[in-house]
Amino acid sequence: MKLPPFLEEDRIEVDQALDRLLPPEATMPATIHRAMRYSVMAGGKRIRPALCVETAGLFESDRRAAIEVGCALEFIHTYSLIHDDLPALDNDDLRRGKPTCHKQFGEAMAILAGDGLLTLAFVTLSKAPIPAERLVRVIREISTGAGTVNGMVGGQVADVEAEGKPVDAATLEYIHRSKTAALIRASATAGALAGSASEDDIARIRRFGEKIGWAFQVVDDILDVEESSAALGKTAGKDQKQQKATYPALYGLEKSHETADRLCAEAMAELAPYRARAERIRELAQFLTARRA
Ligand code: FPP
Ligand code: MG
């Protein structure tokens with residue numbers, strides 16, 4: 001998928017940093033380092049790092065620090081994809097256009113590669129060049145977003161438990177806000193925290209991240225219906241097959257599109273005080289809701 005030029009620049013810089021931060025393939029035990037590298041370097045839009053870096057850019061910040069925090073977010077995101085694809089969860093063979101980690105390395109190694117990436121994220125954060133007091137807040141923001149209470153793991157639990165059952169609006173909203181929006185919200189907020197954002201700014205960016213992350217998962221649901229596996233780099237049409245709790249399933253495609261647009265507009269409204277300075281983040285938010293993969 002083609003990214004807008006500044007996102008492509010961010011992606012290239014993030015990819016270089018990911019390569020630097022991942023243990024080399026030959027490091028003992030080599031198998032897990034091969035598996036971790038395989039999944040992280042398989043491609044991916046690097047949306048979460050971009051949100052972190054671009055948000056940090058709104059406030060006085062050290063770009064290198066924001067890139068490293070972005071890499072930690074990408075390690076967590078990639079671990080979640082590896083585990084999500086396991087036979088016990090979504091049981092998928094294709095991710096980022098390649099065989100899934102467990103297809104390539106076996107289930108045991110895929111579980112461990114996910115564990116390794118989650119752990120590496122926090123090693124990476126502990127070394128980021130950010131003043132200690134701010135860094136602790138970055139770590140709290142990200143660990144909470146990835147956790148069980150209204151965070152990614154909690155959302156995944158609700159997603160698994162909703163499979164094959166009729167889902168109500170409140171449960172569907174909980175799944176989307178936790179499973180996906182929480183880490184995206186943490187990505188934007190961590191960027192603000194890595195820079196010199198005020199408490200008001202931090203709260204505003206958190207609301208922006210929440211809305212755009214929520215819209216992102218609604219769009220993800222829509223793409224699963226509207227796009228091909230080749231375009232998505234993962235198996236399309238799976239949500240319906242697995243009777244997943246999705247926006248199109250509960251509301252239909254038209255209403256789902258409307259919801260994504262409304263959430264995106266609400267996110268954009270939070271950026272109003274930053275005027276022209278937020279142009280790149282606006283473009284990023286636009287891209288997240290208009291994307292086709
Ligand atoms: C695609 O991201 C991923 C999502 C829309 C998030 C779905 C949520 C999970 C898989 C959570 C799983 C949680 C656990 C604990 C297993 P993307 O379009 O940014 O993918 P890319 O990085 O490949 O571009
Ligand atoms: Mg899933």
Side-chain angles (χ1 to χ4, degrees), residues 1-3 7-8 10-11 14-15 18 38-52 70-71 73-92 94-98 100-102 110-111 113-115 117-118 121 143 145-164 172 174-188 212-224 227 229 231-236 238-247 260 284 287-293:
M1 122 153 299
K2 207 164 159 26
L3 300 173
L7 270 182
E8 181 60 15
D10 288 351
R11 190 191 64 76
V14 166
D15 279 2
L18 289 168
Y38 173 84
S39 287
V40 173
M41 302 315 271
K45 300 178 288 294
R46 314 308 192 200
I47 292 307
R48 294 155 191 80
L51 263 171
C52 176
C71 288
L73 288 156
E74 190 66 18
F75 291 147
I76 294 173
H77 167 57
T78 306
Y79 119 71
S80 83
L81 300 180
I82 294 173
H83 282 187
D84 189 52
D85 290 335
L86 286 168
L89 287 124
D90 281 354
N91 190 22
D92 219 315
L94 186 69
R95 176 66 75 173
R96 292 176 164 170
K98 293 174 126 187
T100 45
C101 194
H102 67 272
I111 292 168
D115 295 338
L117 286 171
L118 177 57
S143 52
T148 55
V149 182
N150 299 312
M152 182 180 74
V153 176
Q156 181 74 357
V157 171
D159 176 290
V160 167
E161 290 184 337
E163 216 174 288
L172 182 62
Y174 173 85
I175 291 172
H176 283 51
R177 294 177 81 168
S178 308
K179 178 178 82 169
T180 306
L183 192 64
I184 290 182
R185 182 191 64 216
S187 304
I212 209 64
W214 186 355
F216 185 83
Q217 184 59 53
V218 176
V219 170
D220 212 71
D221 290 357
I222 293 171
L223 294 176
D224 185 78
E227 290 294 333
S229 301
L232 298 178
K234 61 181 179 183
T235 317
K238 264 197 104 193
D239 291 343
Q240 202 188 358
K241 217 180 239 158
Q242 293 183 330
Q243 296 185 283
K244 287 280 188 184
T246 68
Y247 274 70
L284 176 43
F287 168 75
L288 294 186
T289 31
R291 75 200 163 98
R292 298 311 303 172

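Ligands are counted one by one from 1 in listed order, and the atoms in each one are counted from 1 as well. For the numbers below, each heavy atom of this structure counts, side chains included, while hydrogens, waters and symmetry mates do not.
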How many angstroms lie between OG1 in Thr100 and NE2 in His83, if you round to the nearest 0.5 Å? 12.5 Å
Report yes if the side chains of Lys244 and Asp221 come closer than 4.5 Å at any heavy-atom pair, otherwise no. no
Just one of Asp239, Asp220, Asp224 clears the salt bridge (charged side-chain N to carboxylate O under 4.0 Å, His left out) bar with Lys234, so which one? Asp220
Is there at least one pair of N or O atoms, one from His77 and one from ligand 1, spaced under 3.5 Å apart? yes
Which residue holds the protein heavy atom closest to atom 24 (O) of ligand 1, what is that atom called, and what is the gap in Å? Lys45 NZ, 2.7 Å
Indicate yes or no for a side-chain donor-acceptor contact from Gln156 to the backbone of Asp84 under 3.5 Å, with no hydrogens or angles considered. no
Residue, atom and distance of the protein heavy atom nearest atom 5 (C) of ligand 1 read Gln217 OE1, 3.2 Å
To the Mg ion (ligand 2), the closest N, O or S atom belonging to Asp84 is OD1
For atom 19 (O) of ligand 1, what is the closest protein heavy atom, and at what distance to 0.1 Å? Arg48 NH1, 2.8 Å
Within-shell test, Arg291 vs ligand 1, heavy atom, strictly < 4.0 Å: yes
Okay, side chain of Arg291, backbone of Phe216: is any donor-acceptor separation there less than 3.5 Å? yes
When you measure from the side chain of Ser187 to the backbone of Cys52, do you find a donor-acceptor pair of N or O atoms at a distance under 3.5 Å? no
Protein contact to atom 6 (C) of ligand 1 [nearest heavy atom, distance to 0.1 Å]: Thr180 OG1, 3.6 Å
Thr78 OG1 to Leu118 CG distance, which is reported to the nearest 0.5 Å: 11.5 Å
Atom nearest to the Mg ion (ligand 2) - Asp90, N, O or S atoms considered: OD2
Heavy atom of Arg46 under 4.0 Å from ligand 1? no
Yes or no on side chain to side chain contact (heavy atoms under 4.5 Å, CB included) for Leu183 and His77, after CA distance, side-chain angles and deciding distance? CA-CA 8 Å; Leu183 192 64; His77 167 57; 4.1 Å; yes
Of all the atoms in ligand 1, which lie at a distance below 4.0 Å from a heavy atom belonging to Gly44? 21 (P), 22 (O), 23 (O), 24 (O)
Just need the protein heavy atom nearest to atom 11 (C) of ligand 1, so name the residue and atom and give the distance. Gln156 OE1, 3.6 Å
Just verifying a value: how many Å separate Ile212 CD1 and Arg185 CZ, rounded to the nearest 0.5 Å? 14.0 Å
Looking at ligand 1, does any of its N/O atoms fall within less than 3.5 Å of an N/O of Arg95? no
Backbone N or O of Lys98 within a donor-acceptor pair of the Arg96 side chain at under 3.5 Å? no
Students should be able to answer this: which protein heavy-atom is nearest to atom 16 (C) of ligand 1, and at what distance? Ser80 O, 3.4 Å
Considering non-hydrogen atoms of the protein only, which is the closest contact for atom 8 (C) of ligand 1, and what is the distance? Lys179 CG, 3.5 Å
Any heavy atom of Asp84 under 4.0 Å from ligand 1? The part involved is both
Should Arg96 be counted as touching ligand 1, given the test is an N or O pair under 3.5 Å? yes
For Asp220, the ligand 1 atoms whose distance to one of its heavy atoms is below 4.0 Å: 5 (C)
Quick one: CG on Leu288 to CD1 on Ile184, what's the gap to the nearest 0.5 Å? 7.0 Å
Of all the atoms in ligand 1, which lie at a distance below 4.0 Å from a heavy atom belonging to Tyr79? 15 (C)
